[in-house]
Number of protein chains: 2
Amino acid sequence: MTADHERMLREASLRVTRPRVAVLSAVHDEPHADTASIIGAVRTELGEVSHQAVYDVLRALTAAGLVRCIQPPGSPARYESRVGDNHHHVVCRSCGAVADVDCAVGATPCLTASDSHGFAIDEAEVVYRGLCPACATAAGRSAPPSRKESRV
Amino acid sequence: MTADHERMLREASLRVTRPRVAVLSAVHDEPHADTASIIGAVRTELGEVSHQAVYDVLRALTAAGLVRCIQPPGSPARYESRVGDNHHHVVCRSCGAVADVDCAVGATPCLTASDSHGFAIDEAEVVYRGLCPACATAAGRSAPPSRKESRV
DNA sequence: AGTCAATCTTGATTCATTCAAGAGAATCGG
DNA sequence: CCGATTCTCTTGAATGAATCAAGATTGACT
């Protein structure tokens with residue numbers, strides 16, 4: 001429902017425009033979508049929209065805290081709507097799929113650096129790497145599938 | 001001391017060429033150097049060397065486990081010579097400086113995800129973000145940081 | 001030395017992202 | 001409701017990292 005998204009924009013003191021609502025919907029509909037997928041989804045809904053607009057919107061939404069940007073190496077930027085909680089990501093080495101991973105229960109061990117070299121650390125992001133179920137079984141018998149889209 | 005680096009290459013079954021020795025030296029001399037810096041260092045030592053050669057060499061060295069590639073968001077790829085131990089990195093939000101951070105607890109505590117969604121996780125990389133000492137003091141008196149809450 | 005395969009050079013290309021300038025639209029005070 | 005203001009979108013071009021392709025060199029082994 002777009003009414004929710006409109007309200008989210010207003011509450012974040014952002015102007016409500018159709019590209020913004022569409023981008024927000026796209027990120028909610030397909031978590032971990034990369035920029036190209038988002039542009040595609042927005043254009044499916046609204047017709048032609050400039051990629052520049054999508055980039056601007058994503059930046060504004062990220063700055064407002066409505067979406068979160070993750071940048072896995074070897075993949076374009078991806079966005080997700082889960083914000084404000086402490087969760088990380090696992091990225092498939094083979095196909096690039098991304099899934100959410102809640103932080104290991106307990107004391108968040110890795111967030112306590114032993115020697116911070118004087119850095120004022122305020123955030124830590126953990127990226128797990130491995131094989132997704134599909135690629136793991138595929139690798140067991142033949143060549144793994146080539147890189148494709150993110151899938152929850 | 002190029003003799004050591006030559007030996008490292010031979011022990012990894014890699015051909016010993018001047019570009020390779022120079023790249024290996026550069027990575028050892030300047031930890032966390034980005035690709036452009038490495039190209040610069042190599043050219044300072046050898047004269048003109050194609051960037052393609054440096055890319056190829058870095059890939060070969062990474063595959064052989066002689067160097068490690070880290071890819072902080074918003075920065076080109078960086079390389080370091082510390083391999084085989086479990087350590088992570090802290091990246092300055094302001095200037096992009098990178099420093100090593102030893103994992104606080106035990107050997108590989110970060111590999112314990114609470115729910116792996118069936119992924120076969122074999123590695124975890126932790127990226128801490130914050131301000132380096134220089135940028136922290138600079139931000140203290142001039143432009144104050146506009147950062148949001150520190151969500152771990 | 002001679003041979004072969006790995007490596008480097010040259011040059012072009014892809015891709016994600018950003019920059020710049022102007023047209024257009026959302027919000028707010030009247 | 002309406003105009004003014006400011007933010008947002010469109011258009012078009014540019015940047016920068018990294019990759020691809022083809023041919024020339026060169027290291028390693030016999």
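Letters A, B, ... are given to chains in the order of the sequence lines, protein chains preceding strands, and every chain is numbered from 1.
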- Which comes earlier along DNA chain D counting from the 5' end, the contact point of Q52(A) or that of S13(A), where each point is its nearest nucleotide?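 Taking each residue's closest nucleotide, the earlier one in sequence belongs to S13(A).
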- Query: Which residue, R18(B) or A36(B), contacts DNA chain D at a nucleotide closer to its 5' end, judged by nearest heavy atom?
  - Reply: A36(B)
How many whole angstroms separate atom [atom1] of [X] from atom [atom2] of [N]?
| X | N | atom1 | atom2 | answer |
| --- | --- | --- | --- | --- |
| D56(B) | dT10(C) | CG | C1' | 13 Å |
| E11(A) | dT27(C) | CD | P | 14 Å |
| I39(B) | dC8(C) | CD1 | C1' | 14 Å |
| R59(A) | dC9(D) | CZ | C1' | 14 Å |

- Query: Which is it for R59(A) and D56(A) under the salt bridge (charged side-chain N to carboxylate O under 4.0 Å, His left out) test, yes or no, and what are the steps along the way?
  - Reply: CA-CA 5 Å; R59(A) 184 185 308 195; D56(A) 286 347; 5.4 Å; no
- Message: How close do A97(A) and F119(B) get, counting heavy atoms only, and between which atoms?
- Response: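 Where A97(A) meets F119(B) most closely, the heavy atoms are O-CE2, 4.2 Å.
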- Query: If you look at every heavy atom in A22(A) and L46(A), which pair is closest and at what distance?
  - Reply: CB-CD1, 3.7 Å
- Query: Checking only heavy atoms, does the side chain of R20(B) share a donor-acceptor pair with the base of dT7(C) at less than 3.5 Å?
  - Reply: no
As a test of reading the structure: which of [options] is closest to the side chain of [X], going by heavy atoms?
| X | options | result |
| --- | --- | --- |
| S50(A) | dT17(C), dA26(C), dC9(D) | dC9(D) |
| T17(A) | dT8(D), dT19(D), dT18(C) | dT8(D) |
| P76(A) | dA28(D), dG12(D), dA16(C) | dA16(C) |
| R15(B) | dC9(D), dC8(C), dA5(C) | dA5(C) |
| P19(A) | dC9(D), dT17(C), dT19(D) | dC9(D) |
| V16(A) | dT19(D), dT17(C), dT27(C) | dT27(C) |
| T35(B) | dT18(C), dT9(C), dA18(D) | dA18(D) |
| L14(A) | dT8(D), dA13(D), dC8(C) | dT8(D) |

- Task: Please work out if A60(B) contacts a base, only the sugar-phosphate, or nothing of the nucleic acid, heavy-atom cut-off 4.0 Å.
- Result: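 Here A60(B) touches no strand at all.
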- Message: Taking 4.0 Å as the cut-off, does a side-chain nitrogen or oxygen of R10(A) come that near to OP1 or OP2 on dT27(C)?
- Response: yes
